[in-house]
Amino acid sequence: MKLLFLSYSFILVIVTTCFIYLDIEGRTIYNIMLVSYLMQASLFISTIRRESEGKTQYLRPVFILLLGLTIVNFQVIIDTIYGAFRTEITIWRFQEYIGKFLYLGIIAQTSLSIGYVCKCKNYNIIREKEERPSEFDIPQYLWGGILIVLFVLFILTIDVRAFLTGDSSVNDGSFDRKVGTLALYSELILNAIFVIIISVIANSYSNEEDKSVKGFLSSFPIIFWIIFSIYIFLRLLSGDRGPVIYNITTLLFAYIYATKRVFSIASLSILLVVAALAVTVIGIARKKTSTLSFEAKIAYAVEELRKSDTQSFIPVTQELASSVKVTGIAIRGLERGTIEQGYGRYNLTALTNAIPFSARLLYTLFPAMREKSFVSSEVITVEGYGKNYSSGLGNTAIADVYLDFRTLGIPILFFVFGLIYRKVDEVIVEEKNVSPYLLTFTLFLSSHAIYIGRSSFSFILASACFYVVIQYVLSVFIRFMNIKR
């Protein structure tokens with residue numbers, strides 16, 4: 001099965017790449033390529049099932065990653081070709097790039113699955129490593145103290161009115177335009193501490209006999225749940241869904257790691273539908289005037305969703321799918337010469353931007369990069385909206401690679417992404433007592449899997465490394481202070 005999958009996938013990548021360079025398009029060709037990719041995806045799932053012994057874990061990071069990529073890369077294309085909807089492709093006049101959108105999506109996702117399967121190991125065989133004494137086996141009061149200090153610092157440094165009313169997150173989904181650097185860093189470190197605590201407790205709980213949800217959740221300190229719940233509630237009020245999704249997903253994958261509970265396709269489907277509806281409702285609610293209460297905004301969003309004139313076969317993921325326009329802007333900008341090809345500079349910038357103050361080192365080493373922005377999301381936004389933009393367009397995983405290396409960079413880098421997510425899956429699905437740093441890194445990538453389709457993989461990867469750096473610094477501090485339970 002593995003050899004069949006790899007042979008078929010390599011041929012699909014080569015043929016699809018040739019279609020791009022030979023400019024082969026047409027409705028019939030699109031139909032054939034979509035069916036070909038569906039066959040490849042089915043082979044991928046079958047290969048993983050064959051490698052598994054016993055029940056297959058369907059709630060694994062790579063499946064969530066591919067789901068997010070599929071929504072971004074294919075949904076609007078299918079809506080445009082088969083639904084005759086007014087989509088982002090027709091609004092931005094990208095009809096001439098429909099074939100390229102489709103082909104790049106197929107190449108990217110097929111290459112990712114090739115990288116994943118190349119060293120695919122047997123799943124559901126729990127590999128236990130020697131139980132190690134935790135470097136973070138410290139009193140709960142220290143965790144509580146760190147959380148309280150960071151949370152208070154965060155509250156003191158934000159514009160509370162703009163944050164609570166949602167003004168800070170309208171249009172761009174973040175609040176970085178309306179708060180200072182200190183607020184950004186305090187929230188960044190607060191979220192890092194959330195992940196580190198979840199990682200440490202999940203590693204410890206993996207050796208417990210009680211595998212229930214109640215048992216897992218009760219293993220966390222009370223102060224964690226107090227700060228965590230307040231923060232999540234405030235983020236819901238602000239309308240920024242990102243931190244809510246990431247933190248809750250981190251808990252979910254930590255539970256899977258600690259207990260090795262297997263989720264069926266039915267359970268996964270129900271979970272995804274509920275999550276998609278919740279995210280869509282919050283997204284609509286945050287755009288409503290801030291004079292309404294939170295409950296009124298939610299009621300408004302539900303009503304809007306009920307009566308909306310949908311422009312997609314799957315309305316609940318329509319907003320996520322709309323990010324495909326970013327890929328179109330990148331392609332058109334490079335073809336017209338209005339965007340400069342990066343040859344690695346866009347991804348290098350993304351790597352440094354994820355780590356505070358590291359951009360200064362980059363500009364010191366490469367002074368020429370000061371003169372022209374190589375922040376891909378900014379370049380795309382300026383290309384799409386002009387220099388006086390009021391909100392950002394964001395990014396996509398394909399656009400981020402395409403801006404640097406065009407078509408040939410897609411199969412190479414997405415192959416690497418597949419290798420990385422193979423290791424992520426191994427840790428979550430089959431390993432126990434892993435390094436606390438590796439688990440933090442893995443949980444971060446797992447929680448961001450659904451988002452990578454509309455983001456920069458380099459930025460996400462560097463952010464995960466930054467969380468590990470914070471964890472290492474905390475570890476050094478604990479050893480230096482000789483803090484014991």
Residue set satisfying ring pair (Phe, Tyr, Trp, His ring centres under 6.0 Å) with Phe194, at least two apart, ordered chain then number -> Phe224, Phe228, Tyr231
Quick one: are Phe444 and Ile460 in side-chain contact, heavy atoms under 4.5 Å?
yes
Can you name the closest pair of heavy atoms from Ala330 and Ala399 and give their distance?
CB-CB, 3.9 Å
Do the side chains of Glu426 and Thr442 get nearer than 4.5 Å, heavy atoms only?
no
Taking side chain as C-beta onward, heavy atoms only, is Ile198 less than 4.5 Å from Phe220?
yes
dist Leu66:CG -> Ile450:CD1 (nearest 0.5 Å) comes out at 10.0 Å
Would you please test Gln341 and Asp404 for side-chain hydrogen bond (donor to acceptor under 3.5 Å, both in side chains) and show each step?
CA-CA 6 Å; Gln341 187 171 346; Asp404 271 329; over 6 Å; no
Distance col, row Tyr255:OH vs Ile428:CD1, nearest 0.5 angstrom, shows 14.0 Å
Answer whether the closest heavy-atom distance between the side chains of Lys260 and Val429 falls below 4.5 Å.
no
Do Val244 and Phe233 have side chains that approach each other closer than 4.5 Å (heavy atoms only, starting at C-beta)?
no
Donor-acceptor pair, Thr381 side chain versus Leu393 backbone, under 3.5 Å?
yes
For the backbone of Val62 and the side chain of Asp425, can you confirm whether one donor and one acceptor N or O come within less than 3.5 Å of each other?
yes
Would you say Trp225's side chain and Leu217's backbone share a donor-acceptor pair under 3.5 angstrom?
yes
Between Tyr97 and Gly328, is there a donor-acceptor pair closer than 3.5 Å when you use the side chain of the first and the backbone of the second?
no
State, yes or no, whether a side-chain contact exists between Ile64 and Leu268 at a heavy-atom distance under 4.5 Å.
yes
Have Tyr467 and Asn191 got a donor and an acceptor in their side chains that come within less than 3.5 Å?
no
Salt-bridge test for Arg345 and Glu340: reply yes if a basic N is under 4.0 Å from a carboxylate O, no otherwise.
yes
Any sub-3.5 Å donor-acceptor pair from Ser204's side-chain atoms to Val200's backbone N or O?
no
Rounded distance (nearest 0.5 Å) linking atom CD1 of Ile223 with atom CD1 of Ile146:
12.0 Å
Residue set satisfying ring pair (Phe, Tyr, Trp, His ring centres under 6.0 Å) with Tyr402, at least two apart, ordered chain then number -> none
side-chain contact (heavy atoms from CB on, under 4.5 Å) between Tyr205 and Phe216, intermediate numbers included
CA-CA 7 Å; Tyr205 194 80; Phe216 175 71; 3.7 Å; yes
So, Ser312 and Asp79: side-chain donor and acceptor under 3.5 Å apart, yes or no?
yes
My understanding is that only one of Ser377, Ser376, Ser323, Ser455 makes a side chain to side chain donor-acceptor pair (under 3.5 Å) with Asn395; could you say which?
Ser376
Looking at CD1 of Ile193 and CD1 of Ile227, how far apart are the two atoms once the value is rounded to the nearest 0.5 Å?
12.5 Å
Restricting to non-hydrogen atoms, name the atom on Leu334 and the atom on Arg406 that form the minimum distance, rounded to 0.1 Å.
O-NH2, 3.6 Å
List the steps, then state whether side-chain contact (heavy atoms from CB on, under 4.5 Å) holds for Glu431 with Lys423.
CA-CA 10 Å; Glu431 296 185 358; Lys423 181 59 182 176; 3.2 Å; yes
Should the pair Arg235-Glu187 be classified as a salt bridge under the 4.0 Å nitrogen-to-oxygen rule?
yes
Would you check if Tyr257 and Asn203 make a side-chain contact, meaning some heavy-atom pair closer than 4.5 Å?
yes
Of Phe457, Phe414, Phe101, the one forming a side chain to side chain contact (heavy atoms under 4.5 Å, CB included) with Ile398 is Phe414
Which pair of heavy atoms, one from Ile380 and one from Ile329, lies closest together, and at what distance?
O-CG2, 3.7 Å
With Leu65, the side chain to side chain contact (heavy atoms under 4.5 Å, CB included) member among Tyr421, Phe417, Tyr451
Tyr421
Looking at Phe154, is its backbone amide N or carbonyl O close enough to the side chain of Thr157 to form a donor-acceptor pair, meaning the two atoms are under 3.5 Å apart?
yes
Return the minimal non-hydrogen interatomic distance between Gly394 and Val326, and the atom names on each side.
O-CG1, 4.0 Å
When rounded to the nearest 0.5 angstrom, what is the spacing between OH in Tyr58 and OG in Ser269?
10.5 Å
Below 4.5 Å, heavy atoms only, C-beta onward: do Ile248 and Leu252 meet side chain to side chain?
no
Could you please spell out the steps behind the side-chain contact (heavy atoms from CB on, under 4.5 Å) verdict for Asn433 and Ser206?
CA-CA 7 Å; Asn433 298 321; Ser206 64; 3.8 Å; yes
Pair Arg93 + Glu88, salt bridge at N-O below 4.0 Å
no
Check for a donor-acceptor pair, side chain of Asn347 on one end and backbone N or O of Asp400 on the other, with a separation under 3.5 Å.
yes
Run the side-chain contact (heavy atoms from CB on, under 4.5 Å) test on Val469 and Gln471 for me, step by step, so that the C-alpha distance in whole Å, both residues' side-chain angles and the decisive distance to 0.1 Å come before the verdict.
CA-CA 5 Å; Val469 170; Gln471 186 173 8; over 6 Å; no
Any chance you could measure Ile230, atom CD1, to Ile155, atom CD1, to the nearest 0.5 Å?
8.5 Å
Quick check against the 3.5 Å criterion: does Arg336 have a side-chain atom that pairs as donor or acceptor with the backbone of Gly333?
no
Examine distances only and state if a side-chain atom of Ser456 and a backbone atom of Phe459 form a donor-acceptor pair shorter than 3.5 Å.
yes
Would you kindly say whether Thr338 and Glu383 are connected by a side-chain donor-acceptor distance under 3.5 Å?
yes
Which atom of Val424 lies closest to which atom of Ser446, heavy atoms considered:
CG1-OG, 3.3 Å
In short, Ser447 meets Phe253 closest at the heavy-atom pair N-CD1, 4.5 Å
Tell me if the OH atom of Tyr385 is crowded by more than 12 foreign heavy atoms within 6.0 Å.
yes
